[in-house]
Colleague: 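My structure is below; once you've seen it, I'll send some questions.
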Amino acid sequence: MECDFKIDVEKVLRDKLGEKTRFIPAFLVSWLKNIIHQDWINCYLCGNGQGLEGMEWLDRCLEYIKCKTIVQTNIGGVISEGLDALPSNDGGRYFTIVSNHPLGGQDGIALGSIVCHKYDSRMVYLVNDMLMNFKGLAPLCVPINKTGRNGRDFPKMVEAAFQSEKNVVMFPAGLCSRKGEDGVIKDLEWKKTFITKSVQYQRDIIPVHFSGHNSDKFYNIARWCKRLHIKFNVAMLYLADEMYKNQGKTFTVTFGEPIPWQTFDKSKTPSEWAQWVKEKVYKLNNEG
């Protein structure tokens, strides 16, 4: 199978472990391939999505994973179909678009596609640099790897995104949502970067709520990793499995009214404002 990039578990292990790879049991390698659905993903990367970039890559990917969305706005509690109620980029007005992150797969792909269609592909993701390996997605991304070799370039990459004449799409929690001890599925704490940079570059913030959730198995794995103080994000290995299981589902994506950047004054710290916006996002799903 010839293509620009494909998932290869065995190659990753060889690159990471070298000669030690021979000590890894074959059944474990097979398990890794199955849990990340290597063949299913590669079928898209080397087939349906081959040669596509940007919005076309996202749209075709949504078709491949059978993901459908209901797109609406919630302006002052009034629900309207589509995004006609949102402002345009006329006059060089660009936005910071922030969303909860319930799935870790479909939500990122679908939100990017929706924003691309609304704003004529004038958007950029702030994502982990691992996703830059997906060639079709790369033109829409500014890579972020705060803990890896690109960590020292993190501020530069953020600046580049906010200085661009594009809308910035972010999932401020970083990780996808977790189930709390109270049984409520919700994002972890939102990072303040989107607040500080939106104020600095005078970008209004558009809050977005994405419906949906992963399986109980996913949340249980994440919970036990936390209890056992396991630093490696084991749950991340299961995100492809969750995306596979979520095929054919329909998700509701609700955009709220843009919040003027002047809102974020000294009455709260940037971190407090970030949580304030997070709460507004979850209210979008309950109002109207």
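FYI, side chains are in, hydrogens and waters are out, and symmetry mates aren't considered; it's all heavy atoms of this structure. The first residue in the sequence is number 1, and the count goes up from there.
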Colleague: Should we say atom CD of Glu165 is surrounded by more than 12 heavy atoms from elsewhere, each under 6.0 Å from it?
Modeller: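 No.
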
Colleague: Is it the case that one hydrophobic cluster holds both Leu239 and Phe232, taking links as side-chain heavy atoms less than 4.5 Å apart, direct or via other members?
Modeller: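 Yes, because Leu239 and Phe232 connect within a single hydrophobic cluster, where side-chain heavy atoms sit under 4.5 Å apart.
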
Colleague: Flag yes if Tyr201 and Val277 sit in one hydrophobic cluster, no otherwise; membership is Ile, Leu, Val, Met, Phe, Trp, Tyr, and two members link when side-chain heavy atoms are under 4.5 Å apart.
Modeller: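 Cluster IDs for Tyr201 and Val277 match.
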
Colleague: With the side chain counted from C-beta on, respond yes when Ile109 and Cys67 share a heavy-atom pair under 4.5 Å apart, and no when they do not.
Modeller: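 Ile109 vs Cys67: side chains apart.
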
Colleague: Under the criterion side chain to side chain contact (heavy atoms under 4.5 Å, CB included), I'd like the reasoning laid out for Gln202 against Gln262: C-alpha separation, chi angles, the key distance, then a yes or no.
Modeller: CA-CA 8 Å; Gln202 301 184 359; Gln262 296 93 334; over 6 Å; no

Colleague: Are there over 12 heavy-atom neighbours, none belonging to Gln275, within less than 6.0 Å of that residue's CD?
Modeller: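 Count over threshold, so yes.
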
Colleague: Of Glu279, Lys278, Lys280, Glu272, which is the lone residue that meets side chain to side chain contact (heavy atoms under 4.5 Å, CB included) with Trp276?
Modeller: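 Result for side chain to side chain contact (heavy atoms under 4.5 Å, CB included) with Trp276: Lys280.
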
Colleague: Kindly say whether Tyr282 contributes a backbone atom to a donor-acceptor pair with the side chain of Asn285 at under 3.5 angstrom?
Modeller: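 Pair absent, no side-chain N/O of Asn285 close to backbone of Tyr282.
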
Colleague: Does any part of the side chain of Lys245, heavy atoms only, come nearer than 4.5 Å to the side chain of Phe218, both counted from C-beta?
Modeller: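 Contact flag for Phe218/Lys245 side chains = no.
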
Colleague: What distance separates Asn214 CG from Lys179 NZ, expressed to the nearest 0.5 Å?
Modeller: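 It is 10.5 Å, given to the nearest 0.5 Å.
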
Colleague: Under 4.5 Å between any side-chain heavy atoms of Ile65 and Trp40, yes or no?
Modeller: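 Touching, per the 4.5 Å side-chain cut-off.
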
Colleague: For the backbone of Thr21 and the side chain of Arg14, can you confirm whether one donor and one acceptor N or O come within less than 3.5 Å of each other?
Modeller: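 Answer holds: no.
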
Colleague: List the atom of Pro102, the atom of Tyr219, and the distance in Å for their closest heavy-atom pair.
Modeller: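 Closest heavy-atom pair between Pro102 and Tyr219: O-OH, 4.0 Å.
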
Colleague: With a 6.0 Å cut-off (strictly less than), is the heavy-atom count around OH of Tyr244, excluding the residue itself, greater than 12?
Modeller: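 It does not: Tyr244 OH has 12 such atoms or fewer within range.
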
Colleague: Can you confirm whether Leu140 sits close enough to Cys116 that some side-chain heavy atom of one is under 4.5 Å from a side-chain heavy atom of the other?
Modeller: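 Side-chain contact under 4.5 Å: yes.
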
Colleague: Are more than 12 heavy atoms from other residues, nucleotides or ligands located less than 6.0 Å from atom NZ of Lys226?
Modeller: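 Not more than 12 within 6.0 Å, no.
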
Colleague: Kindly check if the number of other-residue, nucleotide or ligand heavy atoms within 6.0 Å of CG (Asp84) is above 12?
Modeller: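 Atom CG in Asp84 is not packed in, count stays at 12 or less.
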
Colleague: Between Asn34 and Ser30 (side chain of the first, backbone of the second, donor and acceptor by atom type, cut-off under 3.5 Å), is there such a pair?
Modeller: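 Yes.
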
Colleague: Which value, rounded to the nearest 0.5 Å, describes the distance between Arg178 atom CZ and His101 atom NE2?
Modeller: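 Going from the CZ atom of Arg178 to the NE2 atom of His101 covers 9.5 Å.
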
Colleague: To check you understand the geometry: which heavy-atom pair defines the closest contact between Pro258 and Asp204, and what is its length?
Modeller: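 Reported closest heavy-atom pair: CB-CB, 4.3 Å.
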
Colleague: With rounding to the nearest 0.5 Å, note down the distance linking CG in Asn89 to CE in Met123.
Modeller: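 Here the rounded value is 12.0 Å.
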
Colleague: Between Lys118 (side chain only) and Leu83 (backbone N and O only), is there a donor and an acceptor less than 3.5 Å apart?
Modeller: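 Yes.
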
Colleague: Is the side chain of Thr73 donor-acceptor paired with the backbone N or O of Ile75 at a distance under 3.5 Å, no angle test?
Modeller: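 No, the answer is negative, given that no donor and acceptor are paired below the 3.5 Å cut-off.
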
Colleague: Counting only heavy atoms not in His213, do more than 12 fall under 6.0 Å of its NE2?
Modeller: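 Atom NE2 in His213 is not crowded, with 12 or fewer foreign heavy atoms closer than 6.0 Å.
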
Colleague: Return the CZ to OH distance between Phe171 and Tyr125, rounded to the nearest 0.5 Å.
Modeller: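 Going from CZ on Phe171 over to OH on Tyr125, the span is 7.0 Å.
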
Colleague: Count I, L, V, M, F, W, Y as connected when their side-chain heavy atoms are under 4.5 Å apart, and connections chain through other members. Are Leu28 and Ile7 then in the same cluster?
Modeller: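 The answer is yes; both residues are in one hydrophobic cluster.
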
Colleague: Does the side chain of Leu111 reach to within under 4.5 Å of the side chain of Phe255, using non-hydrogen atoms?
Modeller: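 Side chain of Leu111 against side chain of Phe255, heavy atoms only: contact under 4.5 Å found.
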
Colleague: Heavy atoms, side chains only, cut-off 4.5 Å: are Gln200 and Glu159 in contact?
Modeller: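 Yes; the side chains approach each other to less than 4.5 Å.
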
Colleague: Go through the steps to decide whether Lys33 and Glu10 satisfy the test side chain to side chain contact (heavy atoms under 4.5 Å, CB included), and finish with yes or no.
Modeller: CA-CA 9 Å; Lys33 289 181 179 180; Glu10 293 180 1; 2.9 Å; yes

Colleague: How about Tyr64 and Trp57: are their ring centroids closer than 6.0 Å?
Modeller: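 So the answer is no for these two rings.
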
Colleague: Are Arg223 and Glu181 side-chain neighbours, meaning at least one heavy-atom pair lies under 4.5 Å?
Modeller: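 A side-chain contact under 4.5 Å exists here.
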
Colleague: Hey, is the main chain of Val184 close enough, under 3.5 Å, to the side chain of Asp182 for a donor-acceptor pair?
Modeller: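 Checked: pair present.
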
Colleague: Under a 4.0 Å N-O cut-off, is there an ion pair linking Lys249 with Glu242?
Modeller: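 Here Lys249 does not pair with Glu242 in a salt bridge, since their nearest N and O are not under 4.0 Å apart.
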
Colleague: Which atoms form the tightest heavy-atom contact between Val168 and Ala161, and what is the distance?
Modeller: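 Shortest heavy-atom contact: CG2-O, 3.6 Å.
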
Colleague: Backbone N or O of Phe194 within a donor-acceptor pair of the Ser198 side chain at under 3.5 Å?
Modeller: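 Judged by distance alone, yes, a pair lies under 3.5 Å.
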
Colleague: Using only atom types and a distance under 3.5 Å, with no angle test, would you say the side chain of Arg22 pairs donor to acceptor with the backbone of Glu19?
Modeller: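 Indeed, once roles are kept as given, a pair shorter than 3.5 Å links the two residues.
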
Colleague: Near Lys186 NZ, under 6.0 Å, is it more than 12 heavy atoms from other residues, nucleotides or ligands?
Modeller: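 Counting other residues, nucleotides and ligands, NZ of Lys186 exceeds 12 neighbours.
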
Colleague: Heavy atoms only: give me the nearest Lys192-Ser271 pair and the separation to one decimal.
Modeller: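 Heavy atoms of Lys192 and Ser271 come nearest at CD-OG, 3.7 Å.
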
Colleague: Begin from the C-alpha positions of Lys217 and Tyr238 and carry the test side chain to side chain contact (heavy atoms under 4.5 Å, CB included) through to its verdict.
Modeller: CA-CA 9 Å; Lys217 177 181 178 180; Tyr238 287 84; 3.8 Å; yes

Colleague: If I take atom OG1 from residue Thr96 and atom OH from residue Tyr94, how far apart are they, to the nearest 0.5 angstrom?
Modeller: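 It comes to 13.0 Å.
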
Colleague: Would you sort out whether Trp190 and Met170 count as a side chain to side chain contact (heavy atoms under 4.5 Å, CB included), showing the intermediate values?
Modeller: CA-CA 10 Å; Trp190 278 23; Met170 299 180 67; over 6 Å; no

Colleague: Could you pull out the closest heavy-atom pair between Lys135 and Pro139, with the gap in Å?
Modeller: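 Closest approach of Lys135 to Pro139: O-CD, 3.3 Å.
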
Colleague: Calculate, to the nearest 0.5 Å, the distance between atoms CG and CZ belonging to Asp187 and Phe210 respectively.
Modeller: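 So the gap between those two atoms works out to 12.5 Å.
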
Colleague: Which heavy atom in Asn74 sits nearest to a heavy atom in Leu284, and how many Å separate them?
Modeller: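 In this case the closest contact between Asn74 and Leu284 is ND2-O, 3.1 Å.
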
Colleague: Should the ring pair Phe95 and Tyr119 be called parallel, tilted or perpendicular, given that the plane angle runs from 0 to 90° and is split at 30 and 60?
Modeller: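 Aromatic pair Phe95/Tyr119 classed tilted.
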
Colleague: Mark yes when over 12 heavy atoms from residues, nucleotides or ligands other than Trp31 sit less than 6.0 Å from its CH2; otherwise mark no.
Modeller: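 More than 12 within 6.0 Å, yes.
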
Colleague: Taking C-beta and beyond as the side chain, do Trp273 and Ser267 meet within less than 4.5 Å on heavy atoms?
Modeller: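 Result yes, sub-4.5 Å side-chain heavy-atom pair found.
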
